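These numbers come from a predicted model, not from an experiment.
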Amino acid sequence: QTGVTWLIDTFNNMAAEANRNGASIQTSREDKHRFKVGNSTMVGRLFTMRNGVRTLFVEAGWPRVPTDGVVSGGGLARGMIRHLGFKSADAELILTKSTAGIPTWIILHPTGKRLQLHESSAREQIHILLNEKRTR
């Protein structure tokens, strides 16, 4: 629960910061949101950010009943960052425990590469939503 809350709050804070700097991002939240990851169904939260015709979805959750499936890869939860109409910017996430035992979101790249999700990663996603030059 803590990891899901951190992920949603991070994006909410980034959207609020962008709005304070002149953006006009509209946000909404949905609890008990269901989404698919592979053959499993996750139940959790959906945070939606809209900027004109662009939309960014942040989903995070875990299976709640046995028929929902499992969190593959030994994770605690799964997540998705999806841009409407811009699939190449999407990211699949897994919440794992670090060696220190702290829940950590990991970005799963199609190449098999795994990178830790930081606030800078979230900021880059907001830049894409705002149609700004990427920070990397």
Practice prompt. Output the distance between atom CD (Glu119) and atom CD (Glu124), rounded to the nearest 0.5 Å.
Written response: 14.0 Å
Discussion item. Minimum heavy-atom separation for Ala89 and Ile128, please, with both atom names.
Written reply: CB-CD1, 3.9 Å
Worksheet entry | Heavy-atom side-chain proximity of Asn131 to Arg54 below 4.5 angstrom | yes
Item to complete: Evaluate the side-chain proximity of Leu56 to Gln125: yes if any heavy-atom separation is below 4.5 Å, no if none is.
Response: yes
Item to complete: Rounded to the nearest 0.5 Å, what's the gap from CG on Asn51 to CG on Asn19? Could you check?
Response: 8.5 Å
Discussion item. Can you see whether Arg50 engages Thr27 through a side-chain donor-acceptor pair at a distance of less than 3.5 angstrom?
Written reply: no
Worksheet item: Taking atom NZ of Lys97 as the centre, does the number of heavy atoms from other residues, nucleotides or ligands within less than 6.0 Å exceed 12?
Response: no
Item to complete: Answer whether the closest heavy-atom distance between the side chains of Leu130 and Ile25 falls below 4.5 Å.
Response: yes
Worksheet entry | Donor-acceptor under 3.5 Å (Trp62 side chain, Leu76 main chain) | no
Practice prompt. Please work out which of the three classes, parallel, tilted or perpendicular, describes the rings of Phe86 and His83, given edges at 30° and 60°.
Written response: perpendicular
Worksheet entry | Between CG on residue Asn39 and OG on residue Ser72, distance to nearest 0.5 Å | 9.0 Å
Worksheet item: Does Trp105 belong to the same Ile/Leu/Val/Met/Phe/Trp/Tyr cluster as Phe47, with side-chain heavy atoms less than 4.5 Å apart forming each link?
Response: yes
Fill in: Which atom of Gly69 lies closest to which atom of Pro63, heavy atoms considered
O-CB, 3.4 Å
Worksheet item: Are any of the side-chain heavy atoms of Ile94 and Arg114 separated by less than 4.5 Å?
Response: yes
Fill in: Flag if over 12 foreign heavy atoms under 6.0 Å of CG, Asn21
yes
Worksheet entry | Same cluster (ILVMFWY, side-chain, under 4.5 Å), Met14 and Leu129 | yes
Worksheet item: So do Glu30 and Lys32 actually touch side chain to side chain, heavy atoms under 4.5 Å?
Response: no
Discussion item. Can you confirm whether Ile107 sits close enough to Glu92 that some side-chain heavy atom of one is under 4.5 Å from a side-chain heavy atom of the other?
Written reply: no
Worksheet item: When you check the gap from the basic side-chain N to the acidic O, do Asp9 and Arg29 get nearer than 4.0 Å?
Response: yes
Practice prompt. Please examine the side chains of Leu7 and Thr5, heavy atoms only from C-beta on, and report whether any two atoms are closer than 4.5 Å.
Written response: no
Worksheet item: Between Glu59 and Arg78, is there a side-chain N and carboxylate O pair less than 4.0 Å apart?
Response: no
Discussion item. Measuring from atom OG1 of Thr104 to atom CD1 of Ile106, what distance do you get when rounded to the nearest 0.5 angstrom?
Written reply: 6.0 Å
Discussion item. So which atom in Arg64 and which in Gly44 form the shortest heavy-atom distance, rounded to 0.1 Å?
Written reply: NH2-CA, 3.9 Å
Discussion item. So does Lys36 get a backbone contact from the side chain of Thr41, meaning a donor-acceptor N/O pair under 3.5 Å?
Written reply: no
Worksheet item: Any chain of hydrophobic side-chain contacts (each under 4.5 Å) joining Val71 to Trp6?
Response: yes
Discussion item. Do Leu117 and Val4 land in one hydrophobic cluster if side-chain heavy atoms of ILVMFWY residues count as linked below 4.5 Å?
Written reply: yes
Worksheet item: Using 4.0 Å as the upper bound for N to carboxylate O, is an ion pair formed by Arg45 and Asp31?
Response: yes
Worksheet item: Sub-3.5 Å donor-acceptor pair from the side chain of Ser28 to the main-chain atoms of Gln26, do we have one?
Response: no
Worksheet item: Is the shortest heavy-atom distance from the side chain of Phe35 to the side chain of Met80 under 4.5 Å?
Response: yes
Practice prompt. May I have the step-by-step check of side-chain contact (heavy atoms from CB on, under 4.5 Å) for Glu17 and Ile126, ending in yes or no?
Written response: CA-CA 10 Å; Glu17 179 183 320; Ile126 298 293; over 6 Å; no
Worksheet item: If you round to the nearest 0.5 Å, how far is CG of Leu84 from OG1 of Thr48?
Response: 10.5 Å
Discussion item. With a 4.5 Å cut-off on side-chain heavy-atom distances among I, L, V, M, F, W and Y, is there a chain of contacts connecting Ile8 to Ile81?
Written reply: yes
